[in-house]
Amino acid sequence: MSVIDLVNGKTKVFGIIGNPIEHSFSPILQNTVAKEMGENVVYVPFKVESGEVKTALNGAFKLGICGFNVTVPHKKEVMESLVAIDDLALKIGAVNTLKYTEKGYKGYNTDILGLGKCFDIEGISIKGKTVVILGAGGAANSAAILAAEREAGNIVIVNRTKANAQALKEQTALYYNGNIDVISFNELMSIENPEIVIQTTSVGMGEGVWKSSVENTSFFEKVQAVVDIVYTPWQTKFLSDAKEKGCVAINGFDMLIYQGLASYEIWHDVKIDDERSKVLRNELADYYIAKR
Ligand code: ATR
């Protein structure tokens, strides 16, 4: 008989709540990071139905579960079950990370930290630049607040449904004094100096899909850097077109990795340096590509 000591009496438990949850990459990501960092931790997926987040967290707190990631569709609902919420998460209006405190869970948003890290790692500054956000859904919220926090010169929100873009503009304007324009996709070419572009729509998502929210690829000629939050397919048409025009092109997988690393840093009060982050990112990317 062989002794198994992967989990023992001192193991700290973390997890992710969402619905559906079985396709989440976070358990692989977090268990890999914990192993690399030498922590006695296990991270597991929990499927939680909408309307039951509070009940689930009450139980989790009593069990002493140390922290969670929160994914679709609970990022807003979870906010009513927390004892404290970090300022950035409040501005975005969504929480994706919970940390155990004496009185209950405190909420954070590391989607924005992950997105910010993508720019940091590539050495790209947002300050003073025109930031174009394609889409106006949940992920666009983090992109807009990041642009505001990093003092973008101006923000342009491009969306199919004007009302959604307008709502995002109003939310962002609470924390941003610069100019925010709302335009439609067929006005894209009218943007004078689109330096940074963050693609948050689901256009182009799905294995075998080869579509981009930007149809005229000459749009990329003036662009410095793009991020596509989509990572299936691994290289989207959007990223491929941007790369071809010489832009720095950042894959959505990086945002996924760096939001996960940021959650880990919050839970364990540690800093994972850039070099180690890159090694982890590359290991996880290799694994992800091989297993697809
Ligand atoms: P998430 O929370 O991941 O951002 P979401 O809230 O469903 O997801 O947002 C999806 C975004 O993709 C929205 O901006 C949506 O545009 P609408 O506000 O007009 O719905 C955008 N989107 C989805 N399908 C699209 C398509 N075929 N063309 C253009 N935009 C699309």
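All ligand and atom numbering here is 1-based and tracks the order in the structure.
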**Request:** Would you mind reporting whether L88 and Y108 have side-chain heavy atoms less than 4.5 Å apart?
**Result:** no

**Request:** Would you kindly confirm whether L134 and V223 end up in one hydrophobic cluster when ILVMFWY residues are joined by side chain heavy atoms under 4.5 Å apart?
**Result:** yes

**Prompt:** Tell me: protein heavy atom nearest atom 19 (O) of ligand 1, and distance?
**Reply:** T161 OG1, 2.5 Å

**Request:** Note the single closest protein heavy atom to atom 8 (O) of ligand 1, along with its residue, its atom name and the distance in Å.
**Result:** G138 N, 4.3 Å

**Item:** For N164, the ligand 1 atoms whose distance to one of its heavy atoms is below 4.0 Å
**Value:** 17 (P), 18 (O)

**Request:** Select one of side chain, backbone, both or neither to describe which atoms of N159 lie under 4.0 Å from any atom of ligand 1, heavy atoms only.
**Result:** side chain

**Item:** Where ligand 1 meets G135 - atom numbers and elements under 4.0 angstrom, heavy-atom basis
**Value:** 14 (O)

**Request:** Considering heavy atoms of the protein only, find what lies nearest to atom 29 (C) of ligand 1 and give residue, atom and distance to 0.1 Å.
**Result:** V203 CG2, 3.7 Å

**Request:** Scan the protein's non-hydrogen atoms and note whether one is under 4.0 Å from atom 16 (O) of ligand 1.
**Result:** yes

**Item:** Which of the ligand 1 atoms, numbered from 1, are nearer than 4.0 Å to a heavy atom of S202
**Value:** 12 (O), 23 (C), 24 (N)

**Asked** Is there side-chain contact between V132 and I196, with at least one heavy-atom pair below 4.5 Å?
**Response** no

Donor-acceptor pairs under 3.5 Å, side chain of residues 43-55 to any protein atom, not counting sequence neighbours: which ones?
unit_1, atom_1, unit_2, atom_2, d
Y43, OH, N69, OD1, 2.7
E49, OE1, N19, ND2, 3.2
K54, NZ, E80, O, 3.4

**Asked** Within the structure, does F185 bring an N/O atom to less than 3.5 angstrom of an N/O atom in ligand 1?
**Response** no

**Request:** May I ask whether S213 has any heavy atom positioned less than 4.0 angstrom from an atom of ligand 1?
**Result:** no

**Prompt:** Which one of I16, D111, V72 satisfies the side-chain contact (heavy atoms from CB on, under 4.5 Å) criterion with N96?
**Reply:** D111

**Atoms in ligand 1 flagged as close to A136, the criterion being non-hydrogen separation under 4.0 Å** = 14 (O)

**Message:** Could you check whether any side-chain heavy atom of D269 comes within less than 4.5 Å of a side-chain heavy atom of K99, counting everything from C-beta outward?
**Reply:** yes

**Prompt:** Which residue supplies the protein heavy atom nearest to atom 25 (C) of ligand 1, what is that atom called, and how far is it?
**Reply:** R160 NH1, 3.3 Å

**Item:** atom 11 (C) of ligand 1 [closest protein heavy-atom partner, distance rounded to 0.1 Å]
**Value:** T201 CA, 4.0 Å

**Prompt:** In terms of residue, atom name and distance, what is the protein heavy atom nearest to atom 9 (O) of ligand 1?
**Reply:** G137 CA, 3.5 Å

**Message:** Please tell me whether F14 and Y264 form a close aromatic pair, meaning their ring centres lie under 6.0 Å apart.
**Reply:** no

**Message:** Taking 4.0 angstrom as the limit and counting only heavy atoms of A139, give me the atoms of ligand 1 inside it, by number and element.
**Reply:** 1 (P), 2 (O), 4 (O)

**Request:** Return yes or no for this condition: an N or O of A140 is under 3.5 Å from an N or O of ligand 1.
**Result:** no

**Prompt:** Is the gap between the ring centers of F68 and H74 under 6.0 Å?
**Reply:** no

**Asked** For the residue pair F185 and F219, is the inter-centroid distance of their aromatic rings smaller than 6.0 Å?
**Response** no

**Prompt:** Salt bridge or not for D274 and K278, using N-O below 4.0 Å?
**Reply:** no

